[in-house]
Amino acid sequence: MSSLPAARPSVVNAEIRALMLRSGGRLAAGDRARYVALIAEWAEAVRDAVRPAA
């Protein structure tokens with residue numbers, strides 16, 4: 001885990017969307033690695049954003 005604060009899910013989602021738009025929906029190997037990293041970051045951000053029910 002990173003010692004940096006987790007990004008907001010909406011910020012990471014915007015990065016994912018931008019990557020997909022730039023690539024035209026077909027990811028090259030380098031872009032695919034970035035996509036996988038962004039998905040993992042997004043999942044962490046979503047998990048951190050969820051608050052337990054009262």
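Since the structure is predicted, the reported quantities are computational estimates derived from the model, not experimental observations.
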message: Check for me, please, whether Met20 and Ile39 land in the same ILVMFWY cluster - side-chain distances under 4.5 Å, paths through other members count.
response: yes

Reported CZ-to-CG distance for the pair Arg17 and Leu21, which is rounded to 0.5 angstrom: 8.5 Å

task: Treat each ILVMFWY residue as a node, draw an edge where side-chain heavy atoms are under 4.5 Å apart, and state whether Val11 and Leu19 are in one component.
output: no

task: Provide the full list of side-chain hydrogen bond (donor to acceptor under 3.5 Å, both in side chains) pairs with a residue in residues 28-37, sequence neighbours left out, each pair given once.
output: Glu15-Arg34

